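Beneath this line is the structure, given in structure tokens, with notes to follow.
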Protein chains: 2
Amino acid sequence: MPRSTRRRPALAHPATEEIDLFDVLHALSDPTRMTIVRVLRAEPERACGTFPVDVAPSTLSHHFKVLRESGLISQREEANRRFSALRAADLEHRFPGLLDTVLAAHDRTASGAVSGVGSGAGAGARVEGGEEG
Amino acid sequence: MPRSTRRRPALAHPATEEIDLFDVLHALSDPTRMTIVRVLRAEPERACGTFPVDVAPSTLSHHFKVLRESGLISQREEANRRFSALRAADLEHRFPGLLDTVLAAHDRTASGAVSGVGSGAGAGARVEGGEEG
DNA sequence: ACGTCGCTTCGATGGATGTCGAACATCGCA
DNA sequence: TGCGATGTTCGACATCCATCGAAGCGACGT
């Protein structure tokens with residue numbers, strides 16, 4: 001048995017045509033998850049623990065699961081790290097313009113919120129999502 | 001005191017600039033409310049009880065309240081009837097293209113679900129599309 | 001080998017949510 | 001004035017949801 005990176009059940013992602021609009025809207029209606037999506041939109045990939053959100057690891061894991069099962073993100077395992085990426089192309093194919101428009105709407109609301117995205121100084125930097133609990 | 005059509009506290013609507021994206025997304029993430037919005041998009045105004053949804057009157061009232069407080073619809077009282085209308089212009093002003101894009105996404109998923117609601121508006125309000133990797 | 005790191009799963013918890021039925025208020029009509 | 005239509009509010013209820021802490025598991029460094 002290969003002891004490689006495949007012990008746990010392979011991460012389940014919905015196919016592009018299976019992506020449900022209500023799931024997407026629901027996933028996007030949470031500030032923490034919106035922050036994650038926004039960060040992911042500025043970077044091709046990122047490890048789970050490096051997002052500028054202020055929640056417990058278990059909570060973060062839950063949010064990633066919601067995002068993944070909604071089809072918004074994909075996750076890839078590498079060693080003991082899990083990298084997430086926005087399924088921008090799939091989303092664009094399934095719901096043209098949706099992601100851009102929603103993200104633009106959020107930008108308009110909280111303009112210039114995601115600090116340090118792309119600079120690698122994300123850990124510790126807080127964004128606008130996370131204190132509403 | 002004129003005991004005319006203003007006994008109940010006037011219906012509270014958020015100002016255009018007060019409309020919250022998360023409230024809108026959450027309101028739209030419910031199938032019943034999505035149906036209401038879709039119907040309203042094809043008609044300028046409609047009485048509450050005339051929507052093709054299959055829920056109890058009290059439940060419907062709840063959904064209208066959610067929609068109104070999210071800023072998606074406005075409600076006007078006339079006699080003992082309450083007419084609802086989509087705040088399309090306000091939404092467009094606040095979040096350009098959002099409503100059209102979300103509705104188009106839903107049309108794409110379940111085309112022809114709402115009886116009598118033919119896709120009326122919705123053409124080309126797309127914002128800067130095309131960017132994914 | 002042992003401990004640490006990264007992340008998940010489990011169990012619990014408090015709050016929000018969708019749903020209903022019953023009761024209430026307003027208006028129009030006979 | 002009484003009744004039916006329209007729609008709301010209230011109370012109840014089951015479910016979902018975001019959150020946390022504790023425990024577990026695989027990978028890696030010392």
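From a predicted model like this one, the values you see are computed outputs, not experimental measurements. Here is how names work: the chains are called A, B, and so on, in the same order as the sequence lines, proteins then strands, and each is numbered from 1. All values below were derived from every heavy atom in this structure, side-chain atoms included, with hydrogens, water molecules and symmetry-related copies excluded.
Within residues 61-76 of chain A, the residues approaching DNA chain D are H62(A), H63(A), by heavy-atom distance under 4.0 Å.
Rounded to an integer number of Å, the gap from CD1 of I36(B) to C1' of dG7(D) is 13 Å. If you take CD of E78(B) and P of dT26(C), they are 18 Å apart, rounded to a whole angstrom. Look at CZ on F83(B): it is 16 Å from C1' on dT8(D), rounded to the nearest Å. Atom-to-atom, CZ of F22(B) to P of dA18(D) comes out at 12 Å; the value is rounded to the nearest Å. Atom CE in M34(B) sits roughly 14 Å away from atom P in dG18(C) (whole-Å rounding). Rounded to whole angstrom, the span from the CG atom of D30(B) across to the C1' atom of dC17(D) amounts to 15 Å. Distance E77(A) CD to dC7(C) C1': 9 Å, rounded to the nearest Å.
By the side-chain hydrogen bond (donor to acceptor under 3.5 Å, both in side chains) test, D90(B) is found to be paired with T16(B), R87(B), residues two or more places apart in sequence or in another chain being considered. With sequence neighbours excluded, the residues forming a side-chain contact (heavy atoms from CB on, under 4.5 Å) with E45(B) are R76(B), F83(B), A85(B), listed by chain and number.
Of the candidate nucleotides dT19(C), dC7(C), dT8(D), dT8(D) has the atom nearest to the side chain of C48(B). Considering only the side chain of H26(B), dG18(C) comes nearest among dT8(C), dT19(D), dG18(C). Side-chain atoms of A56(B) lie closest to dC20(C) of the nucleotides dC7(C), dC20(C), dT8(D).
Looking at which nucleotide of DNA chain D each of R33(A) and S58(A) is closest to, the 5′-most match is held by R33(A).
Sorted by first and then second residue, the salt bridge (charged side-chain N to carboxylate O under 4.0 Å, His left out) pairs with a member in residues 13-32 of chain B read E17(B)-R94(B); sequence neighbours excluded. Legend: ring-ring contact (aromatic ring centres under 6.0 Å, His included) pairs involving residues 26-50 of chain B, not counting sequence neighbours: none detected.
Distance check, rounded to the nearest 0.5 Å: CD of Q75(B) to SG of C48(B) gives 5.0 Å.
Distances shorter than 4.0 Å separate none of the side-chain N or O atoms of R81(B) from OP1 or OP2 on dC27(C).
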Please write out the pairs of protein N or O atoms and N or O atoms of nucleotides 28-30 of chain C separated by less than 3.5 Å, giving the distance to one decimal.
none

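At a threshold of 4.5 Å between side-chain heavy atoms, the hydrophobic network of Ile, Leu, Val, Met, Phe, Trp and Tyr places V39(B) and L86(B) in one connected group. Hydrophobic clustering (ILVMFWY, side-chain heavy atoms < 4.5 Å, transitive): V37(B) and F95(B) are in one cluster.
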Per-pair distances, 0.1 Å, donor-acceptor, side chain in residues 49-64 of chain B, under 3.5 Å, sequence neighbours excluded:
| unit_1 | atom_1 | unit_2 | atom_2 | d |
| --- | --- | --- | --- | --- |
| T50(B) | OG1 | R46(B) | NE | 3.0 |
| T50(B) | OG1 | A47(B) | O | 2.8 |
| H63(B) | ND1 | R33(B) | NH1 | 3.1 |

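Closest of all the heavy-atom pairs between L72(A) and A27(A) is CD1-CB, 3.7 Å.
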